[in-house]
Number of protein chains: 2
Amino acid sequence: MKPSENKILAAAHDLFREYGYNGTSMKRVVEASALTTGSVYHFYPGGKVELAAAVIVEAGGAYQKLFEQVLDGCPTVLVGLETLFQQGGVMLASTDYIDPCPIGGIAREVANVEPKLREACDLAFNGWIDSGTRRFIAAGLEATVARDMAMLFITTIEGGFLLARTARDPEPLLAAGRAFCAAFRSQLRR
Amino acid sequence: MKPSENKILAAAHDLFREYGYNGTSMKRVVEASALTTGSVYHFYPGGKVELAAAVIVEAGGAYQKLFEQVLDGCPTVLVGLETLFQQGGVMLASTDYIDPCPIGGIAREVANVEPKLREACDLAFNGWIDSGTRRFIAAGLEATVARDMAMLFITTIEGGFLLARTARDPEPLLAAGRAFCAAFRSQLRR
DNA sequence: ATGTGGTTAGAACGATCATTCTAGTCGTCA
DNA sequence: TGACGACTAGAATGATCGTTCTAACCACAT
């Protein structure tokens, strides 16, 4: 990936997180990337939609990688999950409660308006679901339960970020995380 | 509330659900309410922000009322929760996966940009959290667990709506709902 | 030196944004 | 009847939107 393309992608990623899809103008992407309109449309001839799709793909992969890495670095899956909620809370507080992930926000804004972006978000979510399902099965959960718990994990993270940002307090995320981890522990015992 | 004011509020409510906050223009609110710019700004002199705040207050109360009513109409809290997830799935599928609730979307879009709206959303969420906590305590959960579970319930609903809309399939909401209800059942047994 | 293709530069376009403003209509009560 | 306040009407404003366009730049091949 060319350096300019990378700068555009990074700028768009940050702006979408902070201001959402419709709240981010191409002019601001141009300014934040320290380039010009011509360059942005050179690398993303499809304009804003193509740029957002690229951000979704990149962020989707990055978060899945983060998830896997944290679990790999922890003695058990349960400890890994607790760590993820903890780290999420710390990150929120240390970034002035900016949305840590652009995908959910974009999905919510344009799911009914931009099929291309809805599909890109769906792909990212499915990657997370599959990854979580595999990990939870490996941890000892029965297959169908593991998939349900993977879904619950993602809704807990996405919803927890939302509540914590709205409250400007990590507590809702941590509380939901505690309840989720208790549920996970309870399923392990079966 | 005057009829015109009600028409404006209803139109804005629907548009925010479908297109989000930044994706909804005042022009479209004017058209959808079958009134004129003058009327809209007569009832909401604070413009778009004041209008959105009114939508949030109204929707927040309506959803809390719905939550209470469904639980009141069910033999146990657990059955009530299962019913809510079921109904949510049906509603999504029957409305072409339009966001059932404008609050989470607005919160996500403008939490870092419009303090007034962030606070309005926070108030609505806190009402739900308190309501859920009370109900869960009444069902037999210990106080701190009940609050954590109330948070988890809201994240599950919000996140479940998000995943289901993105997938255009109620299944993620239902799966997360199953996992949540299993967790609730497990907490009841203690 | 002379292209050549990838990249940068930024002016310009028409559309749409939220909001303001003046003028007019309507029901109600004096 | 007259007057007043609530409401409606919609043109107008200046800003900003996403995108397009032409010209220039630059490293490198011939």
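Reminder, nothing fancy here: chain letters follow the sequence lines and each chain counts from 1.
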Query raised in the report: Just by modelled atom types, is the A/Val79 backbone N or O under 3.5 Å from a matching donor or acceptor in the A/Thr83 side chain?
Result: yes
Query raised in the report: With a 4.0 Å cut-off, would you call B/Glu68 and B/Arg135 a salt bridge?
Result: yes
Requested in this report: Could you pull out the closest heavy-atom pair between B/Ala175 and A/Met151, with the gap in Å?
Outcome: CB-CG, 3.8 Å
Requested in this report: Grab the CZ-P distance between B/Arg28 and C/dA15 for me, whole Å please.
Outcome: 17 Å
Query raised in the report: When you check the gap from the basic side-chain N to the acidic O, do A/Arg185 and A/Glu82 get nearer than 4.0 Å?
Result: yes
Query raised in the report: Rounded to the Å, how far apart are A/Lys48 NZ and D/dT20 C1'?
Result: 17 Å
Query - Residues A/Arg118 and A/Glu114 bridged, charged N to O under 4.0 Å - result: no
Requested in this report: Check the distance between C/dT19's P and B/Glu50's CD and give it to me in whole angstrom.
Outcome: 10 Å
**Report entry** Rounded distance (Å) that lies between atom P of D/dT8 and atom NZ of B/Lys7
**Finding:** 8 Å
Requested in this report: Indicate, with a heavy-atom threshold strictly under 4.0 Å, whether B/Gly47 touches base, sugar-phosphate, or nothing.
Outcome: sugar-phosphate
Query raised in the report: Hey, does B/Thr36 reach any base, or is it just sugar-phosphate, or nothing, if we go heavy atoms under 4.0 Å?
Result: base
**Report entry** Interatomic distance, B/Asn22 CG vs C/dT16 P [rounded to whole Å]
**Finding:** 17 Å
Requested in this report: Report the nucleotide, chosen from D/dG18, D/dA9, C/dT19, that has the shortest atom-to-atom distance to any side-chain atom of B/Met26.
Outcome: C/dT19
Query raised in the report: Looking at the rings of A/Phe184 and A/Phe153, which for Trp means the six-membered one, are their centres under 6.0 Å apart?
Result: no
Query raised in the report: Base, sugar-phosphate alone, or nothing: which one does A/Ser33 contact when heavy atoms must sit under 4.0 Å apart?
Result: nothing
Polar pairs (N or O, both sides) under 3.5 Å between protein and nucleotides 5-7 of chain D?
from  : atom 1 : to      : atom 2 : distance (Å)
D/dC7 : OP1    : B/Lys2  : NZ     : 2.4
D/dC7 : OP2    : B/His42 : NE2    : 2.9

Query raised in the report: DNA chain D: A/Gly38 or B/Leu35, which has the more 5' nearest nucleotide?
Result: B/Leu35
Query - Euclidean distance, atom NZ of residue B/Lys27 to atom P of C/dT20 [Å, nearest integer] - result: 19 Å
Report task. Find the distance A/Tyr41:OH to C/dA11:P and express it as a whole number of Å. Result -> 17 Å
Query raised in the report: Does B/Thr155 reach the side chain of B/Glu158, with side-chain heavy atoms less than 4.5 Å apart?
Result: no
Query raised in the report: Whole Å only: how far is the OH atom of B/Tyr44 from the C1' atom of C/dA18?
Result: 17 Å
Requested in this report: Establish, with yes or no, whether the OP1 or OP2 oxygen of D/dT16 is under 4.0 angstrom from a side-chain nitrogen or oxygen of A/Ser25.
Outcome: no
